Asks: 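The structure's right below; bear with me while I get my questions together.
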2 protein chains.
Amino acid sequence: MPFHPACHSYEPVTIADRLFLDLRRAILEGELPAGKKISEPELASIYGVSRGSLREAISKLENCNLVTRRPNIGARIVNFSIDQLMEIYQIREAMEGMAARLAAKNMTEAELAHLKSLVARHKDSLLHTERPAKTDYSQDADVDFHFCIIQGSKNQRLLTMLCQDLYDLVRFYRMRLSPAFSSTAMQEHELIVQALERRDGEMAELLMRYHVRASRDRAKQRLESMSPEELGSHH
Amino acid sequence: MPFHPACHSYEPVTIADRLFLDLRRAILEGELPAGKKISEPELASIYGVSRGSLREAISKLENCNLVTRRPNIGARIVNFSIDQLMEIYQIREAMEGMAARLAAKNMTEAELAHLKSLVARHKDSLLHTERPAKTDYSQDADVDFHFCIIQGSKNQRLLTMLCQDLYDLVRFYRMRLSPAFSSTAMQEHELIVQALERRDGEMAELLMRYHVRASRDRAKQRLESMSPEELGSHH
DNA sequence: ATACACAAGATTGTCGACAATTTTATTTCA
DNA sequence: TGAAATAAAATTGTCGACAATCTTGTGTAT
């Protein structure tokens with residue numbers, strides 16, 4: 001699960017960079033449990049690097065909001081609540097709504113074609129598989145859909161802000177949920193694509209905002225019906 | 001020009017923290033020229049700290065988007081174009097629009113009263129001063145207005161994203177412009193406050209989005225009428 | 001004269017050791 | 001027994017030195 005190409009260089013040239021990617025994956029996959037304190041000497045010896053390099057990597061993780069640091073105390077893996085996840089959805093509603101509006105104006109025909117094929121493939125996989133397997137990539141497909149539109153907005157900073165500051169947190173939470181991508185969401189995606197094809201920015205924004213809001217409600221409902229221990233430790 | 005209290009701790013306890021604040025101020029005030037490459041040995045000796053601490057401070061500056069780093073090459077002070085500033089305004093339109101919508105719902109009466117007094121004071125100073133002096137704080141007042149609303153949204157992450165990732169960049173650019181806060185913008189502020197008083201989130205969002213868009217257009221017009229050398233080096 | 005190859009210099013990345021602070025364990029007193 | 005003070009251990013912050021990489025200047029060949 002690498003960064004998307006437009007957000008980060010694929011090839012980590014420095015030790016701290018590689019370490020950052022390794023730790024990021026470990027955090028997202030739950031290998032490093034949420035809320036756990038990071039012991040610098042311990043992790044450094046595990047990964048066989050110096051504490052200096054490790055600290056640099058931790059700094060980068062802090063940028064992605066995957067760890068929080070307090071001076072003289074240390075760093076902890078994030079462990080955020082349902083309310084905080086809802087906050088993120090609210091921000092996504094605003095930012096991705098704007099992204100859709102801009103994409104309607106700035107997306108190239110090639111990008112639109114790619115987006116359409118992406119949605120078509122996704123629809124196919126939903127029809128042909130009885131129920132999503134454990135190796136189901138519908139969630140990645142969903143991320144790809146959103147990423148594609150954000151990229152189409154041609155607003156570079158919007159892209160990096162969403163990818164660097166928000167999407168890792170979304171992944172962080174998603175990893176801890178049962179994979180559930182509904183056909184309802186699928187239809188919402190299709191409506192958005194249609195608006196983009198018509199180059200109707202106003203409508204694209206409205207539909208995207210509705211879609212994110214609906215996704216938030218679906219996530220909230222799912223989360224509140226789960227038992228606390230299913231979610232792992234929160235707070 | 002410190003961080004706002006809700007965003008960062010005022011008291012830097014560690015050397016790297018103090019250095020970060022010092023460098024941040026130096027960058028925003030143009031003491032360190034835009035686009036200049038940072039020499040780690042040079043800066044470290046100037047501030048009388050080790051390169052390690054300096055590198056940590058630079059990391060923090062990178063989070064605020066005030067410097068960009070490339071591995072094995074070094075860090076440079078940002079130097080962004082008018083187009084990039086416009087990108088930021090687009091993001092602000094979306095995020096602050098949402099902030100206004102949420103603030104209409106979540107702001108306390110005390111916060112609303114504070115906001116009103118803030119706008120009143122601002123209006124007064126606009127009437128009584130012939131034309132904005134060099135020591136004019138109308139720009140800070142404008143920042144305070146927006147900050148107040150963002151804080152009122154009660155969305156903590158929205159607050160930190162705007163303060164940490166965007167507002168420093170806005171300040172960075174503003175510092176290099178002639179102070180120009182129009183009475184038009186003042187009136188827009190008043191309309192927004194009225195909508196907040198009515199707890200009309202829909203309208204508050206619309207008005208805020210209009211205000212940010214108008215501010216963007218005003219800034220763009222002003223920038224394009226300036227000679228390139230007035231702006232300092234860009235690209 | 002221009003372009004390329006190479007060497008010298010400077011800069012960044014990495015490491016281990018020491019200092020300052022926090023956390024934990026122990027002792028002491030009410 | 002419980003709470004506060006104190007000592008010991010562990011952790012984080014800071015520093016200077018070395019290695020790897022990039023940049024600059026020089027020389028050479030076409």
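Since we're looking at a predicted model, the values are computed, not measured. Below, all heavy atoms of this structure are taken into account, side chains as well, without hydrogens, waters or symmetry copies. Labels below follow one simple rule: chain letters A, B, ... track the order of the sequence lines, proteins then strands, and each chain is numbered from 1.
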Asks: So that I can tick it off, tell me whether A/Arg209 and B/Glu205 are bridged by a salt bridge, with the cut-off set at under 4.0 angstrom between side-chain N and carboxylate O.
Replies: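 So B/Glu205 pairs with A/Arg209 through a salt bridge.
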Asks: What is the separation between atom CD on A/Glu56 and atom P on D/dT12, rounded to the nearest whole Å?
Replies: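 Atom-to-atom, A/Glu56 to D/dT12, this comes out as 17 Å.
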Asks: Salt bridge check, A/Glu111 against A/Lys154: does any charged N sit closer than 4.0 Å to a carboxylate O?
Replies: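 Here A/Lys154 pairs with A/Glu111 in a salt bridge, since their nearest N and O are under 4.0 Å apart.
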Asks: If the cut-off is 4.0 Å, is B/Arg69 near the phosphate of C/dG13, judged by side-chain N/O to OP1 or OP2?
Replies: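 Checking B/Arg69 against C/dG13: at least one side-chain N or O falls below 4.0 Å of OP1 or OP2.
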Asks: My understanding is that only one of A/Thr160, A/Asn65, A/Ile91 makes a side-chain contact (heavy atoms from CB on, under 4.5 Å) with A/Asp165; could you say which?
Replies: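 Checked A/Thr160, A/Asn65, A/Ile91 against A/Asp165; only one passes side-chain contact (heavy atoms from CB on, under 4.5 Å): A/Asn65.
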Asks: Which residues within residues 36-47 of chain A lie with some heavy atom under 4.0 Å of an atom in DNA chain D?
Replies: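 Per residue number, the list reads A/Lys37, A/Ile38, A/Glu40, A/Pro41.
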Asks: May I ask you to verify if any side-chain N or O of B/Thr14 is less than 4.0 angstrom from the OP1 or OP2 atom of D/dT14?
Replies: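 Yes, within the criterion.
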Asks: Can you list everything that forms a side chain to side chain donor-acceptor pair (under 3.5 Å) with B/Glu40? Sequence neighbours excluded, please.
Replies: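 If we apply the side chain to side chain donor-acceptor pair (under 3.5 Å) test to B/Glu40, skipping adjacent residues, the hits are B/Arg51, B/Arg55.
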Asks: In whole angstroms, how far is the P atom of C/dG13 from the CZ atom of B/Arg70?
Replies: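 Between P of C/dG13 and CZ of B/Arg70: 12 Å.
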Asks: Does B/Glu87 use its side chain to pair, donor to acceptor, with the backbone of A/Arg157 at less than 3.5 Å?
Replies: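 Answer holds: yes.
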Asks: Whole-Å distance between C/dT11 C1' and B/Ile58 CD1?
Replies: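 B/Ile58 atom CD1 is separated from C/dT11 atom C1' by 12 Å.
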Asks: So which protein nitrogen or oxygen atoms get under 3.5 Å of nucleotides 5-7 of chain D's nitrogens or oxygens?
Replies:
none

Asks: Side-chain N or O of A/Arg55 versus OP1/OP2 of D/dG13: is the shortest distance under 4.0 Å?
Replies: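 For A/Arg55, the contact criterion (side-chain N or O under 4.0 Å from OP1 or OP2 of D/dG13) is met.
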Asks: Could you list the residues that satisfy ring pair (Phe, Tyr, Trp, His ring centres under 6.0 Å) with B/Phe145, not counting sequence neighbours?
Replies: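 Ring pair (Phe, Tyr, Trp, His ring centres under 6.0 Å) check on B/Phe145 returns B/His189.
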Asks: Please report, rounded to the nearest Å, how far the P atom of C/dT12 is from the CZ atom of B/Arg76.
Replies: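 Result: 11 Å.
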Asks: Closer than 3.5 angstrom, by distance alone: can the side chain of A/Arg69 be matched with the main-chain N or O of A/Ala75 as a donor-acceptor pair?
Replies: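 No, because the side chain of A/Arg69 does not come within donor-acceptor range (under 3.5 Å) of the backbone of A/Ala75.
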Asks: Check this for me: does any side-chain nitrogen of one of B/Asp142 and B/Arg174 sit under 4.0 Å from a carboxylate oxygen of the other?
Replies: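 Salt bridge flag = yes for B/Arg174 with B/Asp142.
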Asks: Backbone N or O of A/Ser153 within a donor-acceptor pair of the A/Asn106 side chain at under 3.5 Å?
Replies: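 Here the side-chain-to-backbone pair exists.
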Asks: With sequence neighbours excluded, tell me which residues meet side chain to side chain donor-acceptor pair (under 3.5 Å) with B/Gln221.
Replies: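 B/Gln221 satisfies side chain to side chain donor-acceptor pair (under 3.5 Å) with no other residue.
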Asks: Summarise protein proximity over nucleotides 15-22 of chain D in one line of letters, 5' to 3': B for base, S for sugar-phosphate only, - for none, counting protein heavy atoms closer than 4.0 Å.
Replies: B-----SS
Asks: State whether B/Lys220 and B/Asp217 are salt-bridged, where the test is any N-O pair (Lys NZ or Arg NE/NH1/NH2 against Asp/Glu carboxylate O) under 4.0 Å.
Replies: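 B/Asp217 and B/Lys220: not salt-bridged.
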